[in-house]
Amino acid sequence: MKLALHWKILIGMILGVVAGLVFRNFDWGTEFVSNWIKPLGTIFIKLLKLIAIPLIIASLIKGISDLKDISKFSSIGLRTIVIYVITTVIAISVGLLVVNVVNPGESVSAETIEELSKAYASNASSKVESATNQKARGPLSFVVDMVPDNIFKATADNGSMLQVIFFTIFFGICLLLIEPVRALPVKQFFDGLNDVVLKMVDLIMLFAPYAVFALLASLVVETTNPDLFVALMWYALSVVIGLFIMLIIYISVVTFYIGKSPKFFLKGISPAQLLAFSTSSSAATLPVTMERVEEHLGVEKEVTSFVCPVGATINMDGTSLYQAVAAIFICQALHYQLGFSDQLTIILTATLASIGSAAVPGAGMVMLVVVLEALGMPKETLMIGLALIFAVDRPLDMLRTVINVTGDATVAMLIGKSVGKLGDPKPKNWDDNLAEVI
Ligand code: ASP
């Protein structure tokens, strides 16, 4: 019997954790894993990132040029942005609710704060530095940044996805506006390119179970001092509860509004979720998210090609929820008084901060600085605050990335349904791809 891909990935993950725990016990274990196992995972992440930009370009041009009129596209665009902002605000509100009920900051002792702030002071200051670099650029810089001045430069940088999206939409719309006979060869080229890139995703995914093994094994051997996890247990638990509530919200939307069963949804999206967990990067997961949403959840390309890449860059429900919980936790632990209006400030700044967070590991923590600064927290306190949560950031990053990706998939289905572009899935068997090649 052939195992479904998500089971293979899950088995790879479990074996990776077990291998990591075993290798940790040997003096040479960490070095061995870093030198000989980790590279497999690194190559896999690089391969996924490698195809992200070509995939966005090909599928967005195909998506737009398949549309018969542009007005449909603007309605998709507008709905996407509005729904993304709404889901982000819901996520932050859930985070605020949970953290105010659980009160995780109360249980942290002064010794723990001291110990953690010593242990992670330098990590915290590097996060503050990155945030300062990002912030020093005026309120409209995010819009200005969206417009590239050189498309080749933009496509050469995975961090410039919004610029690539901007150019591609512009290009796709103009393709619709020129004479059809002239547009045809260009369209056919991008249609073909799209198929090639999707096939690349298929083939890369055959390697996924081994890659997640490598990623998790190296993560486990590199983790230091698990004792600190216990001290931060209530904080971590608050984030996890919040993220779980978000998952329930997504499943409810899919079940009650979209009319698809939870099993259908989770089975369709789980490989992307497992990859999000293993890589902590929604950008690296993007090719798989797009592929799953289109082929397994039945959303048509016109929608996925826009909604998924934009979502990976600006819609981070898990990250924004985490930022809300972390901000309040830090204030509670450091006895920094907050009023009701401060909670509103958190909703506003965490929404902006999650939009501004890059879809890469640890980015959410950098932008947390923006939230804390908006609360008026002085720099020294802020450093201690960041150091406080650093120890558990990676596992929480893995989980919030899962929610980021699941949120994008849910919104893609929602938009697909609302514009009549949600059909039956056309799943392909991943293993058949190899058979085809060989
Ligand atoms: N790692 C997250 C992502 O890529 C961002 C973050 O919360 O740090 O979606």
Side-chain angles (χ1 to χ4, degrees), residues 41-42 44-46 48-49 52-53 56 84 87-88 91-92 94-95 123-124 126-128 130-131 134 157-162 212 215-216 219 235-236 238-240 242-243 246-247 250 269 272-290 292-293 307-327 329-330 346 349-372 386 389-412:
T42 314
F44 178 69
I45 294 184
K46 287 177 89 172
L48 284 173
K49 288 187 172 167
I53 298 269
I56 293 175
Y84 275 156
T87 57
T88 304
I92 298 170
V94 168
N123 309 60
S126 81
K127 296 270 172 194
V128 175
S130 326
Q134 291 210 18
D157 174 8
N158 279 344
S160 304
M161 265 188 220
L162 282 181
V212 292
L215 288 169
L216 287 191
L219 206 65
Y235 156 67
S238 309
V239 177
V240 173
L243 294 176
M246 281 315 287
L247 186 65
Y250 298 140
I269 196 64
Q273 289 175 318
L274 295 172
L275 277 196
F277 182 82
S278 313
T279 61
S280 278
S281 166
S282 10
T285 313
L286 177 65
V288 182
T289 315
M290 287 173 79
R292 299 302 294 187
V293 171
V307 179
C308 296
V310 171
T313 354
I314 69 167
N315 182 50
M316 299 197 181
D317 298 344
T319 300
S320 59
L321 183 147
Y322 144 85
Q323 284 167 340
V325 175
F329 167 73
I330 290 172
I346 292 179
T349 48
T351 304
L352 297 176
S354 71
I355 291 176
S357 301
V360 296
M365 195 172 181
V366 172
M367 295 306 275
L368 176 63
V369 174
V370 177
V371 181
L372 293 173
L386 288 191
I389 58 168
F390 202 88
V392 286
D393 200 62
R394 183 62 197 230
L396 295 182
D397 191 4
M398 297 159 85
L399 293 171
R400 64 191 189 240
T401 309
V402 173
I403 294 301
N404 290 345
V405 166
T406 314
D408 297 343
T410 310
V411 174

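As the structure lists them, so they are numbered: ligands from 1, and atoms in each ligand from 1. Numbering of residues begins at 1 and proceeds along the displayed sequence.
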*State, with a plain yes or no, whether a side-chain heavy atom of Leu286 is found less than 4.5 Å away from one of Cys308.*
yes

*Would a 4.5 Å heavy-atom cut-off, applied to side chains only, mark Tyr235 and Leu396 as touching?*
yes

_Quick check: closest heavy atoms across Ala283 and Met161, and the distance to 0.1 Å?_
CB-CE, 3.9 Å

*Does the side chain of Thr285 come within less than 4.5 Å of Arg292's, by heavy atoms?*
no

_Pairwise side-chain contact, Ile314 with Leu162, heavy-atom cut-off 4.5 Å (strictly under)_ = yes

*asked:* Would you say that Leu321 contacts Ile403 through its side chain, given a criterion of any heavy-atom pair below 4.5 Å between the two side chains?
replied: no

*With a 4.0 angstrom cut-off on heavy atoms, strictly below it, pick out the residues next to ligand 1 and order them by chain and number.*
Ser280, Ser281, Ser282, Thr319, Ala358, Ala359, Val360, Pro361, Gly362, Ala363, Gly364, Asp397, Arg400, Thr401, Asn404

